[in-house]
Each structure stands twice: as C-alpha cells, then as structure tokens.
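The figures that follow rest on heavy atoms only: side chains count, while hydrogens, waters and symmetry mates do not. We name chains A, B, ... by the order of the sequence lines, and we start the count at 1 in each one.
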Amino acid sequence: MAKEITNRTENYSQWYLDIVKKADLADNSAVRGCMVIKPNGYALWENMRDQLDRMFKETGHVNAYFPLFIPKSFLSREAQHVEGFAKECAVVTHHRLMNDPDGSGVIVDPSSKLEEELIVRPTSETIIWDTYRGWIQSYRDLPLLINQWANVVRWELRVRQFLRTAEFLWQEGHTAHATKAEAVAETLSILDIYTRFAEEYMAMPVIRGIKTANERFAGAEETYCIEALMQDGKALQAGTSHFLGQNFAKAFDVKFLNENNIEEYVWATSWGVSTRLIGALIMAHSDDDGMVIPPKLAATQVIIVPIPKPSPEIGEAADKVMKALRAKGIRVKYDLDDKKRPGFKFAEHEMKGIPVRLGIGMRDLENGQVEVARRDTKEKKSVPFDGVADYVAQLLDDIQQNLFDRARLFRDTHTTKVDNFDDFRSLIETPRPELSESWGGGFISAHWDGTTETELKIKELTKATIRCIPLDAEKEAGQCILTGKPSQGRVLFAKAY
RNA sequence: CGGGGUGUAGCGCAGCCCGGUAGCGCGCGUCGUUCGGGACGACGAGGCCGGAGGUUCAAAUCCUCUCACCCCGACCA
C-alpha cells in the first residue's frame, strides 16, 4: 500500500501537516499565516458551529455582529488588555489606492491617511463594551447575553494550520450582568457547555480548570479553561471562559441603575472557541492512516462503496440502504466514481476520516449482506442487508463512544502525579519514541506554591507550564515541587501548544 | 522577531558545486485489459525553475534583495 502520511512516531509535526493535506482540510494561502479552509475542513467547522450555536441559544444567548475594525484608542482603554494584544495587531492606516505615477502598478494613496488608525479586531471586548454603554441603563436591560461568530486577526510570528493562524474563525460571547455572582455563574455555565461539546461531540476528554494569574486573559479577573491532551503528550487549550469583573465596564463607563436606584458598574464575561478545535480533533483521534472524525461531527458519516464499481444492481441496493439510513438521520453518500478501484477508495475515505464504510458487491447481493467497516478500529464485518440501518446507527454511537474512551484512557495513562522536581524533569525530558518523536511528557499533576515566580522558573527549566488549576481537584496538602513551600492542592502542568 | 533549512509540473524529488535547448517517480488525460485493500500496458498533456534586480554572448545554476513554507527559540487561542 502506498504510504502518503508520515508516521506519528517518525515526525509528529509532519504527520499533522500530512493529515491536513490528505484529508483535504486546508491549504496555505498567498498571505503568510492565513490559510484557506477547504470544503472538508469547513464542513467540520460548520458542524461544530451549528452545535455550539444550538447550545448557546438553548441557554438564552443571541447572536449579533460587531465591526471588524476597532478604533485604536479603544484598545488602550483597558490597560491589561492592550498590553496583552498590542504586539500582535494588524493596523489599517489608509483607505485608498492609486496608480503609481511611474506606471508600475498600484500604491497606497498618501492623501488617504486615516485620522485615527483602525485595528483589525484581535478580539472584540473593546468595541462591544463601547457599544454596550448605549444599550444598558437599567437592571432591566440585564443580563445581556450576546454571541458573535466572526473572524479575528492576531499577527502571530509562528503559525500552524488550525492551531495557530494569523486569521482564525471563532465565536466570542460577551455578556453583561447586574451582579458578580451572576457573571461568575455565566462564566461557569459556558465552561459546562464547552466541556459537554468537547466530550460529547468531539469525543475529546477535557480537564476543566482555572488559569493562573500568569496565563490569564488580558483584562480578565479569572480565566476558566478546558484543556485536552494530544497524542504527542502536549496539552492544548480548547476553550476559555473569562470572568471580566467590572474592568471593561469601568474602562468604557458602562453603568446601570439597580432596583434601589443606585448606579453601579456592570459585570462582564467573555468566552470563545475557535477553528483551533479542528486541530484538536486531528491530534486527539487521527492515526497513521489519516483523519479520524467522530460521527457526530462528520459531514459524511457513512460512505457506500460499490465493488468493484457502480452498477444498476448495486445502485439499487445502495439506494435502499441509503433510504433506511437517512430515515434514521444518518448522513450517507454513495461513491459513484467508476474510475477508481475499490482498494483506492477504501484508502481515500479512510484518509478523510469517514467513520463508517459500507462495501456492496455482487457477492454481498447474493448473500443478502453488506460489508461494514469502521474507521476507528478498522474492523470489518458482514451484516445482513435488512438489519444494516440498525446496525450502522448503533455502530456510529459505538464509534463515538470508543473514540472518547480511547482518548480518555490515553489521557489518564499519561497523567502522572509527581512529588519532586527530579521526577518532574525526567518525565518531561524522557523521550518516548514509541509514542511520538517529539513526546511532550503528558499531563503532570504536582504541587505548586502559588507564585508566578515559581511558575516561570519551572517553565524556564522545563518548558512546561501550568495548564490549569483543575476545578475538581481534591484539597491535598503538599509541598511545591520546586521550592518546597506549602501547597493546598495539585495543579496540572504540561508542555503546551 | 533571532537561529537553521527548503522553494524546480498537482504532489514528492534530481539537476545547481563546475552557467550552454528542464528531468524522474507518483498523480492527471485517452484507449485497452483489470477490479472484494492504494492495478497494468500503450500513447499523451502539463513547468517563463517562488518573485525582483544584477553579472554574462548565455542563468534553474553565480551575486544582491525580497516573499512564502518547515524546524528550533522568545510570544501567543
């Protein structure tokens, strides 16, 4: 069999790029750091987006759209915020082009310089809170639960398809509340949605936690996150939900009159997940044969391959199967290509991650059966023709569950409790060539004295950072692995994407 | 943004050192034989060698500058 995808153990980064290419998810573009999301990749995003959108709406959120451009002065209103984003902003300075007088093309018209430069949004807190000032006067206007689906730009120096691109697609929720308690509750309720989405739809187990001060969103009081472990033993932040306190309300002067006719600043949250989740999906489930997509997010859940090629008899049988599958809400396609041979198609559909493949040939028709192959384990089985829809419906559920179980087992077996710095270090530094040529060490659960100084020191020594303080961590007295100072509980360390 | 590497046909690469009419494998098109795990044969199409300057009678090849991608580092979802 011709091998077109690099093995994970050989070169994990190359494997990742090969998957993106061979599963036809994205292309590089003419612009550095910006990618073209191709139909296969975009279909994944659409399914993610649609599901998340349903979940947001079920919890009372509505969608709106705010401008791509933010006046430069807005960004500097919140000190922490501007500090966090200043280094990666694209700036619009002019609004017109003209023919180059020397005839060599087109140049920026110097006379079109903008009075105030515009920032291409890296995130929209500032322009949204500037808008909210006009929308909120009374406690009756609250809560304001708004989400937007948009693109943002962060001028990244080092980019990787889906994981870190200069432009990416995301959703950003921005809510306004009358009380601190309500805003905190919102932050956590969104974290629940993200957790459910990651685990039930992406089949990707996550750790819910709080970011340390050092890793907190610029301008937030508290950042909550979900963290997932990738197959190379590195952590990926899959979603964040921020409690913003009254920072933005104060910066943009957003006040409301409470029931007692007293003026107060509004409490805020913001939260987001991005196309990065597609990168997470790849690194959570895919293998050396290609992409593996959880059934709930697959644009095509079942592909029917006629063997050896389309024929009226097989087409008729395929139609019946498709009808039965569609009646159960299963997304199915029939491979009508009569040029490619079956073996080639098998490999191709596996590369693209379609969860289930049905093979129908003359032999199957004679025996009244269909060959069912599952992508996750690559097992094949012949199933009686009449029972195929039930069987496949159950199989899709099984695959979804198996992917989650497999990923959770992987995470659990690569999460290590460590009680001294030497063990910590050797865990991070010991290569695991059987897993990945660039093994990151997995999650490490260890005690930390709570100071940024220690956190940074550990990062400097090992490259590992504190991914989060897990929400469900038990209280456990211990000693910081670096300084030996007292600690009340373990935090989760890892090398991170 | 610093260090290293790579840009030649859709993809993977050779050619560059030592300048002289651009090659290979895969893929692609047509026809035939095939077809239950990436078929085979014949014929054929496809490239101003990433881009811009320069040196030269002559540049994929030498020089300068740029752009993009990959790896490592600092920064980050």
Side-chain angles (χ1 to χ4, degrees), chain A residues 1-6 11-14 16-18 21-22 24 27-35 83-89 104-105 122-123 152-172 194 211 214-218 223 225-228 235-242 270-280 289-290 305-311 314 337-351 357-367 369-371 373 378 380 382 437-438 459-460 463 465 467 496-497:
Chain A
M1 189 164 95
K3 195 71 195 175
E4 304 193 31
I5 295 171
T6 307
N11 184 340
Y12 192 85
S13 301
Q14 191 57 50
Y16 177 83
L17 290 168
D18 287 349
K21 185 183 282 290
K22 296 300 177 184
D24 222 13
D27 259 351
N28 282 323
S29 71
V31 182
R32 178 193 152 77
C34 295
M35 63 178 174
E83 198 187 318
F85 287 104
K87 282 171 286 183
E88 48 187 24
C89 287
S104 66
T123 181
V152 287
V153 168
R154 297 181 187 177
W155 211 262
E156 297 292 348
L157 300 174
R158 195 171 166 185
V159 293
R160 279 189 95 185
Q161 290 178 327
F162 291 111
L163 295 175
R164 177 162 291 106
T165 45
E167 179 193 23
F168 56 92
L169 306 185
W170 77 344
Q171 60 66 216
E172 48 180 326
Y194 286 165
K211 287 291 187 190
N214 183 243
E215 299 271 335
R216 199 178 283 154
F217 174 74
T223 288
C225 62
I226 53 172
E227 293 282 331
L236 184 90
Q237 178 177 301
T240 48
S241 181
H242 315 290
S270 71
W271 26 275
V273 297
S274 71
T275 37
R276 172 178 246 208
L277 289 180
I278 294 174
D289 295 320
V305 178
I307 297 167
K309 55 168 55 174
S311 74
I314 296 172
D337 193 324
D338 61 356
K339 301 290 184 213
K340 292 172 182 143
R341 302 164 81 250
F344 185 88
K345 292 180 177 178
F346 295 169
E348 193 175 46
H349 294 131
E350 275 162 12
M351 216 140 64
R357 183 186 71 238
L358 303 182
I360 305 179
M362 289 314 291
R363 198 168 75 201
D364 299 300
L365 293 184
E366 282 159 21
N367 299 336
Q369 63 185 30
V370 175
E371 183 186 78
K378 306 198 74 183
K380 290 196 284 197
S382 285
E437 125 286 350
S438 55
K459 182 179 180 185
E460 186 191 324
K463 310 283 178 219
T465 50
R467 300 323 303 151
Y497 273 98

Asker: Check the distance between B:rG5's P and A:N11's CG and give it to me in whole angstrom.
Answerer: 18 Å

Asker: Considering only side-chain heavy atoms of A:R357, which listed nucleotide, B:rG37, B:rU34, B:rG36, is closest?
Answerer: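 Selected nucleotide: B:rG37.
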
Asker: Any strand is fair game: report the nucleotide pairing with B:rG23 by Watson-Crick or G-U wobble, both distances under 3.5 Å, or none.
Answerer: B:rC13

Asker: With sequence neighbours excluded, what pairs up with A:F162 under the ring-ring contact (aromatic ring centres under 6.0 Å, His included) test?
Answerer: none

Asker: Scan nucleotides 72-77 of chain B nucleotide by nucleotide, 5' to 3', and note B when protein non-hydrogen atoms come under 4.0 Å of the base, S if they reach only the sugar-phosphate, - if neither.
Answerer: BBBSBB

Asker: In whole Å, what separates the C1' atom of B:rG47 from that of B:rC13?
Answerer: 14 Å

Asker: With distance as the sole test, does A:R276 use its side chain to make a donor-acceptor pair with the main-chain N or O of A:Q237 at under 3.5 Å?
Answerer: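 Yes; judged by distance alone, with no hydrogens or angles, the pair exists.
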
Asker: For A:T223, which residues count as a side chain to side chain donor-acceptor pair (under 3.5 Å) partner, sequence neighbours excluded?
Answerer: A:H242

Asker: Given that both distances must come in under 3.5 Å, which nucleotide forms a Watson-Crick or G-U wobble pair with B:rC1?
Answerer: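 Because both required distances fall under 3.5 Å, B:rC1 counts as paired with B:rG73.
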
Asker: Under 3.5 Å, is there a donor-acceptor pair between the side chain of A:K345 and the main chain of A:D337?
Answerer: yes

Asker: Scan every strand shown for a Watson-Crick or G-U wobble partner of B:rA60, both distances under 3.5 Å, and answer none if you come up empty.
Answerer: none

Asker: Can you list the residues that meet the ring-ring contact (aromatic ring centres under 6.0 Å, His included) rule with A:W170, with sequence neighbours excluded?
Answerer: A:F168

Asker: For nucleotides B:rC69 and B:rG51, find the distance between their C1' atoms and express it as a whole number of Å.
Answerer: 15 Å

Asker: How far does CG of A:D289 sit from NZ of A:K378, to the nearest 0.5 angstrom?
Answerer: 3.5 Å

Asker: May I ask you to test the A:T165-A:E156 pair for a side-chain heavy-atom distance under 4.5 Å?
Answerer: no

Asker: Does A:Y16 use its side chain to pair, donor to acceptor, with the backbone of A:N11 at less than 3.5 Å?
Answerer: no

Asker: If we ignore hydrogens and angles and just use 3.5 Å, is the side chain of A:R164 paired with the main-chain N or O of A:G33 as donor and acceptor?
Answerer: no

Asker: Give, for atom OG of A:S382 and atom CZ of A:R363, the distance between the pair rounded to the nearest 0.5 Å.
Answerer: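 CZ of A:R363 is found 7.5 Å from OG of A:S382.
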
Asker: Measure NZ/A:K309 against P/B:rA39 and give the value in whole Å, please.
Answerer: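 Atom-to-atom, A:K309 to B:rA39, this comes out as 13 Å.
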
Asker: What is the pairing partner of B:rU30, taking Watson-Crick or G-U wobble pairs with both distances under 3.5 Å in any strand?
Answerer: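 Matched B:rU30 with B:rA42 under the 3.5 Å cut-off.
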
Asker: For the atom pair SG (A:C225) and CG (A:L236), what is the distance rounded to the nearest 0.5 Å?
Answerer: 11.0 Å

Asker: Without decimals, in angstroms, what is the distance between A:D338 CG and B:rC35 P?
Answerer: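 Distance, rounded to whole Å: 16 Å.
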
Asker: Could you measure between the two P atoms, the one in B:rG53 and the one in B:rA60, and give it in whole Å?
Answerer: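 These two P atoms come out 14 Å apart once rounded.
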
Asker: Which base, if any, makes a Watson-Crick or G-U wobble pair with B:rC18, both distances under 3.5 Å?
Answerer: none

Asker: So, are A:K211 and A:E227 salt-bridged, with charged N and O less than 4.0 Å apart?
Answerer: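 Yes.
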
Asker: When the distance from CG of A:N367 to P of B:rG36 is rounded to whole Å, what number comes out?
Answerer: 17 Å

Asker: Does any nucleotide pair with B:rC65 by Watson-Crick or G-U wobble geometry, both distances under 3.5 Å, and what is it?
Answerer: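 B:rC65 is paired, partner B:rG51.
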
Asker: Let me know the distance between CE of A:M362 and P of B:rU34, rounded to the nearest Å.
Answerer: 18 Å

Asker: A:Q161 has an atom CD; how far is it from atom P of B:rC70, in whole Å?
Answerer: 7 Å

Asker: Could you list the protein-to-nucleotides 66-68 of chain B atom pairs, N/O on both sides, closer than 3.5 Å?
Answerer:
none

Asker: Find which nucleotide of RNA chain B each of A:K380 and A:C34 is nearest to by heavy atoms, and output the residue with the more 5' nucleotide.
Answerer: A:K380

Asker: Just call it for A:E371: base, sugar-phosphate, or nothing, with non-hydrogen atoms closer than 4.0 Å on any strand.
Answerer: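 Touches a base.
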
Asker: Once you round it to whole Å, what is the distance between C1' of B:rC71 and CZ of A:R160?
Answerer: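 One finds 10 Å between C1' of B:rC71 and CZ of A:R160, rounded.
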
Asker: Rounding to an integer number of Å, can you tell me how far A:Q14 CD sits from B:rC70 P?
Answerer: 9 Å

Asker: In whole angstrom, give me the gap between the P atoms of B:rG73 and B:rC26.
Answerer: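 These two P atoms come out 38 Å apart once rounded.
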
Asker: Should B:rC35 form a Watson-Crick or G-U wobble pair with both distances under 3.5 Å, which nucleotide is its partner?
Answerer: none

Asker: Listing time: all N or O pairs from protein to nucleotides 11-14 of chain B that are below 3.5 Å?
Answerer:
none

Asker: Ignoring hydrogens and angles, tell me if any N or O in the side chain of A:Q369 forms a donor-acceptor pair with the backbone of A:D364 under 3.5 Å.
Answerer: no

Asker: Less than 3.5 Å between a donor and an acceptor, one on the side chain of A:E350 and one on the base of B:rG37, is that the case here?
Answerer: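 Donor-acceptor pair under 3.5 Å: yes.
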
